[in-house]
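First the structure, in the form of structure tokens, and then the observations on it.
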Protein chains: 2
Amino acid sequence: MSKPEKRDEIVRAALEMIAEHGFHGAPMAMIADKAGVGAGTIYRYFENKDLLITELYRELEERIYAAVLVGYDPEKPIRERFLYLGTAVLGYFIANPLDFRYLEQFHNSPYGMAYRRDRISGKREDRDMYRELFEGGVAQQVVKDFPLAILFALTFGPLLAVARDHILNFIVLDDELILRTIEACWDGVKR
Amino acid sequence: MSKPEKRDEIVRAALEMIAEHGFHGAPMAMIADKAGVGAGTIYRYFENKDLLITELYRELEERIYAAVLVGYDPEKPIRERFLYLGTAVLGYFIANPLDFRYLEQFHNSPYGMAYRRDRISGKREDRDMYRELFEGGVAQQVVKDFPLAILFALTFGPLLAVARDHILNFIVLDDELILRTIEACWDGVKR
DNA sequence: GCTTACAGAATGAATGTTCATTCCGCTGTA
DNA sequence: TACAGCGGAATGAACATTCATTCTGTAAGC
């Protein structure tokens, strides 16, 4: 196995094990096994478990951002962009349940809390389409005049809940139901 | 300290430590310390950590249910009941941030998954005002015709997100903003 | 009223287990 | 032969849980 290939295997295995069993249910030995490498080998690529975890998070964020960006047209009207972005993320999560589960684990952990705090306090410049969309919507009086955080909550709250329910097999989403759900979110957000 | 008093101290300490540091950041020794009892003492009241955790969850659920029930009038129109239930839970969470943080930890853990699975598959008869409310709303054609799980997502998704943001000091909610937020949820759910 | 005996509670040091991380000998390659 | 890269056993720290011991309150015996 070549060097970058091995690194990839480790990342893939970590994603799978952690998504399925949580940070604490996924010992390094288990990840190493799944990746088909020795336990010590992981430490040739990642200084420690924490760094593996945050690095993996960053890679996922990147992937999702890239996936959603394809097909996004910032010139379209607000409502249309909102529906696109909503269905795109939800679609990504449904197509990549492991990614979704991993993100959830991450967000609900001390790692995620720190990360979020940084982001809100602006330590991370985020090239965020969503922020831009909402700010535009409020300015054009198409969207309710709420603080950004509440608009996010009204959108991503249902989105993530629905993705979770689908991935855990509590409901079955088809394209029509997805669209209707995002439209309902829009009803909550629009003026 | 009397016997039930001591049990209470243990439960209170467990709530606080777990809410603040997560299940894995709250060793039994730490909980015992906070409760002012010996480590072994906890085991006189709870067979093991798992049982302490699930028992505490049940107690919290009970408290919240009781708190919200006060002032709920099943005779009122759907919209009014929806707004009441929304503000009531959100208000409870804001007044009891530890309870909220604990519930979140619980839901995002294997404990919570199992619990949820049981609930959905109907193994727990739940005397759920929310379910009843939505079912009534759909029947009266006041509420969009969605599966129950989606209506829950549209309501609790934003609610929990907003509660989290407030408790972590990412936003500040006042009564007016709370009401407007719940109204926005209603916009998402109503026909 | 005072002392002694005893049962049930409480305690916390000791135990065994589960990891993350380290270390050193091995192997395939140049 | 020399060496980079690996593997996986060894190490030590962090815990949950146990259990031999200590404490406390109650009640019988005087």
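Keep in mind that this is a model prediction, so the values were computed, not measured. Naming: A, B, ... by sequence-line order, numbering from 1 per chain.
- For the atom pair CG (N108(B)) and CE (M113(B)), the distance works out to 6.0 Å, reported to the nearest 0.5 Å.
- Partners of F93(A) according to the ring-ring contact (aromatic ring centres under 6.0 Å, His included) rule, which considers only residues two or more places apart in sequence or in another chain, are F100(A).
- Going from atom CD1 of I10(A) over to atom P of dG5(D) covers 14 Å, rounded to whole Å.
- If you check the side chains of N48(A) and Y43(A), you find no donor sitting under 3.5 Å from an acceptor.
- Summarising the geometry of A153(A) relative to P158(A), their closest heavy-atom pair is O-CD, 3.5 Å, with the distance given to 0.1 Å.
- The distance between atom OH of Y45(A) and atom C1' of dC6(D), rounded to the nearest whole Å, is 9 Å.
- Residues passing the salt bridge (charged side-chain N to carboxylate O under 4.0 Å, His left out) test with E132(B): none are found, sequence neighbours excluded.
- Scored by the side-chain hydrogen bond (donor to acceptor under 3.5 Å, both in side chains) test, R63(A) finds no partners at all (sequence neighbours excluded).
- Across residues 11-22 of chain A, not one residue has a non-hydrogen atom less than 4.0 Å from an atom of DNA chain D.
- When only modelled atom types and interatomic distance are considered, Y115(B) and E61(B) share a side-chain donor-acceptor pair under 3.5 Å.
- Checked by atom type, the side-chain pair H107(A)/Y102(A) shows no donor-acceptor distance below 3.5 Å.
- A heavy-atom distance below 4.5 Å is not found between the side chains of D187(A) and K190(B).
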Letter per nucleotide, 5' to 3', of nucleotides 11-30 of chain C [B base touched, S only sugar-phosphate touched, - untouched; heavy atoms, 4.0 Å]: BB------SSBB--------
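- At a non-hydrogen distance threshold of 4.0 Å, nothing from residues 103-112 of chain B comes into contact with DNA chain D.
- Inspection of the Y84(A) and D73(A) side chains reveals no N or O donor paired with an N or O acceptor under 3.5 Å.
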